[in-house]
Every structure is written in C-alpha cells, then in structure tokens.
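One structure below.
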Amino acid sequence: MMDAFTRREGELYCEDVPVSELVARWGTPAYVYSRTALRTRLQDLSDAFGSHPHLIAYSVKANGNLAVLRTLADMGAGADIVSGGELYRARLAGIPAQRILFSGVGKTLPELAAALREGIYAFNVESEGELRSLSELAQAMGKTAPIAFRINPNIDTPTPHAYTRTGHAATKFGVPIHDAMRLYRIASELPGIAVRGIDMHLGSQILAIEPYHVALEQALEMVARLKEEGHELEFLDLGGGLGISYSGGEGIPADLLADSIVPSLRETGLRLILEPGRYIVGHAGILLTRVLYVKEGGGKRFVVTDAGMNDLLRPSHYAGYHAVEPILSRDREHARVDVVGPICETGDFLALDREIERVEPGELLAVMTAGAYGFSMSSTYNQRPRPVEILVDGDRAELVRRRETIQDLVAAELDLTPEEKQLGAHKGIL
Ligand SMILES: *Cc1c(COP(=O)(O)O)cnc(C)c1O
C-alpha cells in the first residue's frame, strides 16, 4: 500500500511537503489530504475488478470536500449520495449525473425532485412509501425514475461498532428480503418507474470478504427469480463498507474481494456498482492539532489539544481508534496519556490511555487515518469554527477550504430579510 504520510529524519511529511509548513501557513486544527493517495486507492480498487463492467460510486458522506470529489471525478468515479446537499456537491465537482446513485431511508420530496431533474443513474429505494412518492413525482414531472431496491439481507456483519452495522433486519435500512419480490412486482407496474437494479449495503468498516460473498449469493438468487418473472436487471450494487486498518495493517484485500465476486457476477452480465467511502479516503487524510496544555489529575496525564470531538467525532461517537503522533518524533521518554479536546463534555477525546512520546505544550500532533468521516462529521459545537482543509499533491499544497469564521457561524441568524422573518422561507437549491 502506498503511504502518503512518511517520516524523514523524524519529521512527518505529506507526500513531499513537511506538515509543519502547512501549519505555519494555515494554522490548526487542519485536515490534510494527499491527492496521490486518493488517486492510488481509487485506481487500485478499480484495477482489482479489471475488465468486468463496474462503477465506483464514491460515498460522498465519507468526505465531501469539492477538491476531493474533483480528484475522484477526474478519474471516472461516480458518487453515492444520501441527500440533496450531496447531490449539489457532487454535481458542482463535475460528477456526471449518470454516475450518481441516491441512497438513504429518508429522501424528501424536494430531494427526489432535484435528483429527477438532474437525471441520476439510479435511486436506491428503501421503502414502499418512497417508491410510491417517487412514482407520483416522476409522473408529475414527466420523467422516469430508474430504481433499485436496497435489500436488507439480514446478515449481521461483524463491524467494530453496532452503530456501523446496517445489514441486519432490525436496522432501519432497506426493504426486508422476504418482501422484495412483491415490491419489484409493484414497481414494474407503477408509472414513472423503471426497474434497473438491486442494491445492498452491509455496514461500514468490514474487514472480511465472507459477508460480501453471502450478500452476493442472496442478490444473485433474487436476480434469477426476478428474471423468471420477466424483470431484466442492469446492475447489482454491493454497497460500500470496505474496511481499512487504523493501526498500520492492510485492511480488506480488494483483489481477493474481486476474485470472490467477479466470476459469479460475470455469468449474469450485470454491471457491478460499489459505494466505498472510507476505503478511498481514510488513509489519504490526517488531522493536525496543537497541544495547548499538559496536566495531571486523578492519576492521569491529559494532553489538551486545540482539536476536539467537534472536529473529529469518531473516537467519541463509536470508539474509533486513531493513532496520535507528534509531527516531530524524537528519541525521548513515553508517557501514558488521554488526548482530550477543549469541548465541555467528558466524552471529548481523540485518544484514551495511549502510550505516546512525552509531548510538551505548543507541540504539533497528527491524528492519523482521519480522511474518512473526519471533516464530514465535524460540527461547530461550542461555537468553534471547523478546521481548514488542505490538499497536497507532490511538493505543492493548496488550501481547499478556508477556516470558518465566527461571523460565518452567526450569519444565518443575522442575514434574514424582513420577508423571510415572516414567512420562514429559505434560500438554496432545494
Ligand atoms: C455510508 C455508506 C456507504 C459508505 O460506507 P463506507 O464504510 O465509507 O465505505 C456506502 N453506501 C451507503 C448506502 C452508505 O450509507
């Protein structure tokens, strides 16, 4: 695996740029992404599936920065979106509508309408109610909505945390597999609907191949039954969830995954869609933060940083592990510490009970493998402007999102016109 973040004489680099230079220019907290890493990950995954017709519909929610999306779009990636906002971002970044799939349990009418207007590749429909709304809307707009059902295969996928399991029957996602045939029959008769595919998404951070194999077998069985009833499908979407290693290992082997999927898929002639998010961007990003204070209490040593749970939620939200390292590594003592943020919550931490170099106030730390679900899950909680985002390509670095200001944070409360104050109207594409 290509590593974008390496050390030269103890100093952390992103590609050919010392990350200390990025902090000198743009401050902390800062997300830093490697363009080469983004490209390599996408290319490697695509290569694994070789000549079998496939589309990598990158999951925008993992990291929706426009520069990240543009990088992937230029290489032919599509997008898996879960909101109208993500549709807007994906189109703004130049991802063609015909490479966009729309997933999610709670698509609103304005969101469905926007996607119909754009002419996306497919709607991954998650309920009968959504199907009927989409049919009525498409008719009213004089359009046809291409659809797949997201099937809940009832596989209890082993992911590290219950919140990232989506493929078993008791989660809110998808339609029950035993009800799918009935829904396909309804869909094939509804006006404004064109049945095109079948979709599954098993969860996130899956490191085994077996769940994908089981899901594929279930999907193919359904494809065969549909064919008997006269429904010819065009694509099979196996979702995302491809896991990575947060501690220096390899993650899910894409080539073995491809080997276990492609042969049986080839017989069907179906186009394969994948919706990876983390797999593409996870390793391509880090979060830089400065140590504000080091203090002791209750038998513990706390390293207080200027990045907190609002900047990187994964550790608090689902016990996500990230390696934390000083950007200048030196030969010195180690200490067992909690790395905590400035937010007024006990759950605000980046790392707990971690053996790291004995760092001093003022030093810079890198939180590794933070490219996925980092900035995209960040918030302004405690009225903290969100981090800058920086993209590195070789020896060049570019600011791809400026630091939010506290004026940005209050703007939506201050810029209302008198009419808006009365009507509650809102601006925007939707
Ligand atoms: C979140 C999500 C993905 C991406 O998951 P990763 O674990 O980042 O690969 C793909 N498809 C759907 C429907 C999702 O909700």
Side-chain angles (χ1 to χ4, degrees), residues 38 41-42 44-46 48 54-65 68-69 72 77-83 85-87 89-90 99-107 111 115 120-127 130 147-153 155 157-168 171-175 197-209 211-212 215 219 235-246 251-252 254 257 272-285 313-314 317-318 320 369-377:
L38 291 170
R41 291 297 278 186
L42 177 62
D44 288 353
L45 187 59
S46 186
H54 63 275
L55 173 68
I56 301 198
Y58 167 69
S59 177
V60 173
K61 78 178 194 283
N63 184 330
N65 183 283
V68 169
L69 296 181
L72 302 175
D80 179 60
I81 57 164
V82 292
S83 70
E86 288 189 356
L87 173 64
R89 261 181 192 278
R99 286 195 228 139
I100 295 177
L101 292 98
F102 194 172
S103 303
V105 288
K107 306 178 191 81
E111 288 175 322
I120 65 166
Y121 180 64
F123 294 83
N124 285 334
V125 174
E126 304 211 16
S127 64
E130 180 189 337
I147 68 130
F149 282 104
R150 174 169 174 180
I151 310 291
N152 188 320
I155 301 173
T157 318
T159 72
H161 196 280
Y163 289 1
T164 55
R165 277 163 230 161
T166 61
H168 65 100
T171 69
K172 67 181 177 180
F173 296 102
V175 302
I198 183 166
D199 168 48
M200 287 179 178
H201 172 69
L202 306 178
S204 205
Q205 185 55 2
I206 300 166
L207 291 161
I209 287 169
Y212 288 97
F235 72 84
L236 188 156
D237 181 343
L238 275 181
L242 287 72
I244 63 174
S245 168
Y246 281 88
I252 197 168
L257 178 67
L272 175 68
I273 312 280
L274 289 173
E275 305 168 351
R278 188 190 316 270
Y279 186 86
I280 306 284
V281 290
H283 284 297
L313 187 59
R314 294 186 70 270
H317 184 52
Y318 27 54
T369 325
Y373 306 103
F375 188 92
S376 66
M377 290 181 91

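Only a predicted model underlies this, so the values are computations on that prediction, with no experimental measurement involved. Counting starts at 1 for both ligands and their atoms, in listed order.
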Legend entry - Criterion side chain to side chain contact (heavy atoms under 4.5 Å, CB included) against F149, the qualifying member of V125, N124, I198, D199: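 Answer after filtering V125, N124, I198, D199: V125.
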Are any of the side-chain heavy atoms of [X] and [Y] separated by less than 4.5 Å?
X: L87; Y: F102; result: no
X: R314; Y: T369; result: no
X: I151; Y: V175; result: yes
X: N63; Y: F375; result: no
X: Y121; Y: I273; result: yes
X: E275; Y: D237; result: yes

Where ligand 1 meets [X] - atom numbers and elements under 4.0 angstrom, heavy-atom basis:
X: R150; result: 13 (C)
X: P276; result: 9 (O)
X: D80; result: 10 (C), 11 (N), 12 (C), 13 (C)
X: S103; result: 13 (C)

Legend entry - Heavy-atom nearest neighbour of atom 7 (O) of ligand 1 within options S204, G282, A372: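 Among S204, G282, A372, the closest heavy atom to atom 7 (O) of ligand 1 belongs to S204.
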Inset, instruction - Could you name the option among G174, G104, S59 that has the heavy atom nearest to atom 4 (C) of ligand 1? - result: S59
Inset, instruction - Starting from atom 8 (O) of ligand 1, find the nearest protein heavy-atom neighbour and note its residue, name and distance. - result: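 Residue, atom and distance for the closest contact: Y373 OH, 2.5 Å.
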Legend entry - atom 13 (C) of ligand 1 [closest protein heavy-atom partner, distance rounded to 0.1 Å]: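 Nearest neighbour among protein heavy atoms for atom 13 (C) of ligand 1, to 0.1 Å: E275 OE1, 3.5 Å.
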Just distances here: any N/O of [X] and N/O of ligand 1 closer than 3.5 Å?
X: K61; answer: yes
X: A62; answer: no
X: G241; answer: yes
X: R278; answer: yes

Legend entry - Any side-chain donor near an acceptor of the partner, R278 and S204, under 3.5 Å: yes
